[in-house]
Amino acid sequence: YQRRVRETSSVFNFTNNAISVILGTTTGNTYVSLLYSTGALSFPSSTLTLTGNTLSANNAVGAELTVNLCNILSSFTPTGGTVVLSGNSVHARASSASTGITSLIRTTASSTSSGVTMTITDNIVE
């Protein structure tokens, strides 16, 4: 079951959340994110604010450890809105047998924006 969500003129605020994951033995990929979308993420004339959030993950065994504030498994196409990423902290500690991927916003397809004000300040990604 999969549902496409399309929002117009909405406000999304993610503030002061904390996610911490410690994995012992896992053989598959691990994804940790605050905002996760399996399809394209499009929000015309909307505001997306992510401030003061902390994501951290530590794995011992695994194929891939991915820690992203926003993990979008398609395109990210905001139009005419506002995106604010401020004061967030993203940490991944992968084992030597794993691949570690960290970012604020990760997309797997080309992304475009039109008329968007994007502010990215005081974030830590490691």
Hey, could you give me the OG1/CD1 distance between Thr30 and Ile101, rounded to the nearest 0.5 Å? 11.5 Å
If hydrophobic clusters are built from ILVMFWY residues whose side chains come within less than 4.5 Å, do Leu23 and Leu55 share one? yes
Considering residues, nucleotides and ligands other than Arg106, do more than 12 of their heavy atoms fall under 6.0 Å from its CZ? yes
How close do Thr102 and Ala92 get, counting heavy atoms only, and between which atoms? CG2-CB, 3.2 Å
Reported CG-to-OG1 distance for the pair Asn29 and Thr99, which is rounded to 0.5 angstrom: 8.5 Å
Checking Asn17 now: which residues fulfil side-chain contact (heavy atoms from CB on, under 4.5 Å) with it, not counting sequence neighbours? Phe14, Leu34, Asn53
Considering only heavy atoms from C-beta outward, does the side chain of Leu35 approach that of Leu48 to under 4.5 Å? yes
Would you check, one step at a time, whether the test side-chain hydrogen bond (donor to acceptor under 3.5 Å, both in side chains) holds for Thr121 with Ser86? CA-CA 5 Å; Thr121 56; Ser86 180; 3.0 Å; yes
What is the distance from atom CG of Asn88 to atom OG1 of Thr54, rounded to the nearest 0.5 Å? 7.5 Å
Same apolar cluster (I L V M F W Y, side chains within < 4.5 Å links), Ile19/Tyr31: no
Mind checking whether Leu50 and Val11 sit in one hydrophobic cluster, side chains of I, L, V, M, F, W, Y counted as touching below 4.5 Å? no
Ignoring hydrogens, what is the shortest heavy-atom contact between Ser75 and Ser110? Give both atom names and the distance. CB-O, 3.1 Å
Contact summary for Val32 and Ala57, nearest pair of heavy atoms: CG2-CB, 4.0 Å
Under 4.5 Å between side-chain heavy atoms, hopping through other hydrophobics if needed: is there a path connecting Ile124 to Val21? no
Distance in Å, Asn58 CG paired with Ile22 CD1, rounded so as to fall on 0.5 Å steps: 6.0 Å
Can you get from Tyr36 to Leu104 by hopping between Ile, Leu, Val, Met, Phe, Trp and Tyr side chains that sit under 4.5 Å apart? no
Cut-off 3.5 Å, no hydrogens considered: what does the side-chain donor-acceptor table look like for residues 63-72, sequence neighbours left out?
from: Glu64; atom 1: OE2; to: Thr66; atom 2: OG1; distance (Å): 2.9
from: Asn68; atom 1: ND2; to: Ser103; atom 2: OG; distance (Å): 2.7

Between Gly39 and Ser74, what is the shortest heavy-atom contact and its length? C-CB, 3.4 Å
Among pairs that include at least one residue of residues 62-95, which meet ring pair (Phe, Tyr, Trp, His ring centres under 6.0 Å), considering only residues two or more places apart or in two chains? Phe43-Phe76
